[in-house]
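What you see is a predicted model; the values in this text were computed from it and never measured.
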Amino acid sequence: MFEQREGEIALTGDPATQSSDASLAYIGRIASPWKLREDCPKNMNAARERGGGATIVVDAPYRPGLAGLAGFSHVVVLSWFEQAPRNLIVQKPRHASDAKGVFALRSPARPNPVGLHVARIVSLDIETGRIELDAIDALDGTPVIDLKPYFASVDAFPDATRPGKDS
């Protein structure tokens, strides 16, 4: 699914096969229009531009944890990119002229393939565990590992800068 490109460096071992430090519980799954990796938007801006929305379905045991989330306009979704390779430590994105370390990229291929998505809540049904979102940049069926309310007062960085496209 992920081909290794010129300039990329793989770890000598695959973190997926090593003993774990933590145990994760999938709390639900993402239902999205994106069935294939090549069709999936690369970021939330692209997902919003393409439209389609998305739904998170939270599993029954975790639904009580949704209490109070209706008071928020946005949610931070942490997902687990279970199909992504975990052994690439330097990658060369198609859009970049140079290879970069994985921690300078938002690629799903990383030692711990955690996805980060900030989405607008369109609707919430605690009883069924359904959270309708404006968009998502994750494949259909992607596991959700956590949800957090988005607080614009503490989560936004109004003075944040972004390096140039090829930086």
Side-chain angles (χ1 to χ4, degrees), residues 1-58 74-120 131 133-152 154-167:
M1 184 177 221
F2 280 79
E3 70 284 349
Q4 193 166 338
R5 299 183 189 105
E6 185 178 336
E8 294 186 333
I9 300 171
L11 295 169
T12 55
D14 185 348
T17 63
Q18 299 170 358
S19 63
S20 64
D21 302 342
S23 178
L24 294 174
Y26 296 165
I27 64 165
R29 297 262 174 185
I30 294 170
S32 82
W34 322 119
K35 310 297 184 214
L36 302 172
R37 179 177 170 249
E38 54 270 16
D39 297 332
C40 189
K42 301 297 182 205
N43 57 57
M44 287 297 288
N45 283 341
R48 287 186 178 97
E49 288 172 6
R50 291 178 57 191
T55 303
I56 293 175
V57 180
V58 175
H74 291 73
V75 63
V76 177
V77 180
L78 297 175
S79 63
W80 188 260
F81 291 132
E82 63 186 351
Q83 296 181 33
R86 298 179 64 182
N87 65 335
L88 286 176
I89 199 67
V90 174
Q91 299 176 43
K92 185 179 179 309
R94 286 183 181 92
H95 66 275
S97 59
D98 297 318
K100 294 180 175 64
V102 69
F103 305 123
L105 297 169
R106 298 291 291 268
S107 166
R110 49 199 326 107
N112 291 304
V114 176
L116 173 70
H117 324 269
V118 179
R120 184 174 55 81
I131 307 169
L133 305 174
D134 66 327
I136 200 77
D137 55 343
L139 291 174
D140 186 56
T142 297
V144 175
I145 59 173
D146 205 357
L147 300 167
K148 298 178 185 290
Y150 176 81
F151 290 96
V154 295
D155 291 331
F157 292 94
D159 61 344
T161 58
R162 181 175 174 229
K165 184 177 180 182
D166 288 332
S167 296

Considering residues, nucleotides and ligands other than Lys148, do more than 12 of their heavy atoms fall under 6.0 Å from its NZ?
-> no
Can you see which heavy atom on Pro108 is nearest to which on Phe81, and at what distance?
-> CB-CD1, 3.4 Å
Hey, does Val102 have a side-chain heavy atom less than 4.5 Å from the side chain of Ser107?
-> no
State the CG-OG1 distance between Asn87 and Thr12, to the nearest 0.5 angstrom.
-> 9.5 Å
Rounded to the nearest 0.5 Å, the CG atom of Leu11 sits from the CG atom of Leu88 at a distance of 8.0 Å
Write down the atom of Cys40, the atom of Arg50, and the distance for their closest heavy-atom approach.
-> C-NH1, 3.9 Å
Any Leu116 side-chain heavy atom under 4.5 Å of Leu78 side chain | yes
So, do Asn112 and Arg86 sit near enough that their side-chain heavy atoms are less than 4.5 Å apart?
-> yes
Are Leu133 and Val75 close enough that some pair of their side-chain heavy atoms sits under 4.5 Å apart?
-> yes
Any side-chain heavy-atom pair from Asp155 and Val118 closer than 4.5 angstrom?
-> no
Would you indicate whether the side-chain heavy atoms of His117 and Met44 approach each other to under 4.5 Å?
-> yes
Separation between CG (Leu24) and CD1 (Ile145), nearest 0.5 Å, reads 5.0 Å
Of the non-hydrogen atoms in Pro93 and Asp98, which two are nearest, and what is the gap between them?
-> CD-O, 4.2 Å
At what distance, to the nearest 0.5 angstrom, does CG of Leu147 lie from CD1 of Ile56?
-> 5.0 Å
State, yes or no, whether a side-chain contact exists between Ser32 and Thr142 at a heavy-atom distance under 4.5 Å.
-> no
List the atom of Lys92, the atom of Glu6, and the distance in Å for their closest heavy-atom pair.
-> CD-O, 3.5 Å
Is it true that Glu82 and Arg29 have a side-chain N and a carboxylate O under 4.0 angstrom from each other?
-> yes
Which heavy atom in Ala47 sits nearest to a heavy atom in Asp137, and how many Å separate them?
-> CB-N, 4.2 Å
For residues 101-119, which residue pairs qualify under salt bridge (charged side-chain N to carboxylate O under 4.0 Å, His left out), counting only residues two or more places apart or in two chains?
-> none
Test log, rule side chain to side chain contact (heavy atoms under 4.5 Å, CB included), inputs Val114 and Trp80 = CA-CA 5 Å; Val114 176; Trp80 188 260; 3.8 Å; yes
Taking all atoms of both residues into account, what is the closest heavy-atom pair of Asp39 and Trp34, and its distance?
-> O-CE3, 3.7 Å
Roughly how far, to the nearest 0.5 Å, is CZ of Arg94 from CZ of Arg5?
-> 4.0 Å
